[in-house]
Amino acid sequence: MSDLHDNLRRTFRWLGDRTDDTSAADLTGWWREPGIVAQIGPGLAALFPDDAPTVVMGPQSRGSLLGALVAHALGVGLAEVRKDPAQNVDSDAWWEVTTAPDYRDRHLRLGLRRTLLRSGDRVIFVDDWVDTGAQLEACRRLVDVSGASWIGAAVVVDALQRSDLRHNLRVRSLLHVRELL
Ligand SMILES: O=P(O)(O)OC[C@H]1O[C@H](OP(=O)(O)OP(=O)(O)O)[C@H](O)[C@@H]1O
């Protein structure tokens with residue numbers, strides 16, 4: 001998987017002009033690269049080789065995109081986490097949580113349809129990037145309330161500001177943000 005590691009670094013860009021104080025991560029080059037699309041699902045799945053997940057959880061939108069690739073690699077399904085979930089009909093029941101301030105200082109409402117996780121499910125969380133860990137922590141709460149079990153988080157880039165979260169939520173990554181600087 002060293003090809004994957006090198007390809008992720010090669011096709012990543014920081015966007016920012018000289019007059020800008022901050023820069024933004026551009027990951028779109030990853031999705032354009034056939035080798036990455038082929039390898040990233042198996043690569044993330046391999047971060048938890050001994051844990052036998054029954055389902056992948058991925059937050060909208062890039063967590064769901066990657067989550068589908070990981071689910072395919074593992075031969076399981078995907079539980080999609082929606083932002084600002086809307087109930088369609090009375091019987092459409094959701095688990096909902098609000099995040100701590102995330103990397104854009106947002107308190108997001110995240111929701112998971114109750115039909116998507118069952119007690120006995122073993123969940124692997126997938127996302128492209130973790131920064132404050134606010135969305136990650138909120139997804140852990142969704143798993144807890146559903147009665148399913150949390151295996152850990154497989155992410156592409158670990159930019160976690162809090163190392164306690166890395167340990168407590170079992171965060172494993174393909175790259176550390178330092179490798180992109
Ligand atoms: O660690 P945190 O501070 O919670 O931030 C990380 C989250 O933010 C980004 O998603 P974003 O909400 O930008 O949505 P996107 O996937 O649609 O780009 C990223 O994909 C993670 O889900």
Side-chain angles (χ1 to χ4, degrees), residues 4 7-9 11-16 20-33 36-37 40-41 43-45 47-48 53 55-73 78-86 94-113 116-117 123-146 150-181:
L4 175 60
N7 284 338
L8 288 168
R9 292 184 68 193
T11 54
F12 173 86
R13 294 190 307 159
W14 290 106
L15 297 176
D20 294 337
D21 294 335
T22 56
S23 49
D26 175 17
L27 317 179
T28 52
W30 292 350
W31 324 134
R32 184 67 180 85
E33 188 80 11
I36 292 179
V37 172
I40 200 164
L44 287 165
L47 295 174
F48 290 92
V55 61
V56 172
M57 163 186 263
Q60 183 190 356
S61 58
R62 287 175 288 181
S64 297
L65 181 161
L66 278 172
L69 295 174
V70 177
H72 178 67
L78 174 74
E80 182 187 16
V81 174
R82 304 283 303 177
K83 291 177 170 133
D84 288 326
W94 292 73
W95 306 110
E96 287 188 28
V97 293
T98 302
T99 70
D102 77 348
Y103 76 108
R104 287 169 61 192
D105 218 20
R106 299 172 295 182
H107 291 270
L108 291 168
R109 263 185 344 114
L110 299 184
L112 178 75
R113 276 207 167 85
L116 299 181
L117 286 187
V123 183
I124 184 168
F125 171 93
V126 169
D127 212 344
D128 59 332
W129 196 286
V130 280
D131 184 352
T132 66
Q135 295 189 42
L136 166 72
E137 262 195 310
C139 287
R140 168 63 193 258
R141 280 185 275 136
L142 287 171
V143 171
D144 287 347
V145 78
S146 76
W150 179 270
I151 291 174
V155 301
V156 184
V157 179
D158 178 349
L160 266 175
Q161 299 167 14
R162 287 175 49 193
S163 55
D164 60 314
L165 280 184
R166 184 178 299 114
H167 178 258
N168 295 341
L169 298 188
R170 296 187 80 206
V171 178
R172 297 180 185 172
S173 63
L174 297 177
L175 291 169
H176 191 276
V177 69
R178 277 191 303 269
E179 298 176 90
L180 298 174
L181 298 176

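Please read all numbers here as calculations on a predicted model, not as lab measurements. These numbers come from the heavy atoms of this one structure, side chains and all, not from hydrogens, waters or symmetry mates. Read the numbers this way: they start at 1 and go in the same order the structure lists the ligands and their atoms.
- A distance of 7.5 Å separates CD in Gln135 from OH in Tyr103, rounded to the nearest 0.5 Å.
- Scanning both residues, Ala134 and Ala100, for their nearest heavy atoms gives CB-O, 3.3 Å.
- Protein heavy atom closest to atom 20 (O) of ligand 1, with residue, atom name and distance, is Asp128 OD1, 2.5 Å.
- From the protein, the heavy atom lying nearest to atom 18 (O) of ligand 1 is Arg62 NH2, 2.6 Å.
- Cation-pi check for Arg172 over Phe48 is met; the charged atom lies under 6.0 angstrom from the ring centroid and within 45 degrees of its normal.
- Heavy atoms of Arg106 found under 4.0 angstrom from ligand 1 belong exclusively to the side chain.
- Protein heavy atom nearest atom 15 (P) of ligand 1, with residue, atom name and distance: Ser61 OG, 3.5 Å.
- For atom 3 (O) of ligand 1, the closest non-hydrogen atom of the protein is Thr132 OG1, 2.5 Å.
- From the protein, the heavy atom lying nearest to atom 13 (O) of ligand 1 is Tyr103 OH, 2.4 Å.
- In this structure, Glu137 has no heavy atom closer than 4.0 Å to ligand 1.
- Among protein heavy atoms, atom 4 (O) of ligand 1 sits closest to Gln135 N, 3.0 Å.
- Under a 3.5 Å cut-off, the side chain of Trp129 and the backbone N or O of Ala159 do not form any donor-acceptor pair.
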Hey, mind stepping through Leu8 and Ile40 against side chain to side chain contact (heavy atoms under 4.5 Å, CB included) and telling me if it holds?
CA-CA 9 Å; Leu8 288 168; Ile40 200 164; 4.0 Å; yes

Might you work through the side chain to side chain contact (heavy atoms under 4.5 Å, CB included) test for Met57 and Val126, ending with a clear yes or no?
CA-CA 6 Å; Met57 163 186 263; Val126 169; over 6 Å; no

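- With respect to atom 6 (C) of ligand 1, the closest heavy atom belonging to the protein is Trp129 O, 3.5 Å.
- Selection from Val81, Asp127, Leu27 by nearest heavy atom to atom 21 (C) of ligand 1 gives Asp127.
- Using modelled atom types, no side-chain atom of Arg82 and backbone atom of Arg113 make a donor-acceptor pair closer than 3.5 Å.
- Close approach of ligand 1 to Asp102 is summarised as follows: ligand atoms under 4.0 Å from at least one heavy atom of the residue are 3 (O), 4 (O).
- Residue Leu112 comes nearest to Val81 through the heavy atom pair CD1-CG2, 4.2 Å, listed as atom of the first residue, atom of the second, then distance.
- At a 3.5 angstrom cut-off on N or O pairs, Gly133 counts as close to ligand 1.
- Closest to atom 14 (O) of ligand 1, if we only count protein heavy atoms, is Lys83 NZ, 2.9 Å.
- At a threshold of 4.5 Å between non-hydrogen side-chain atoms, the residues Leu175 and Phe12 do not count as touching.
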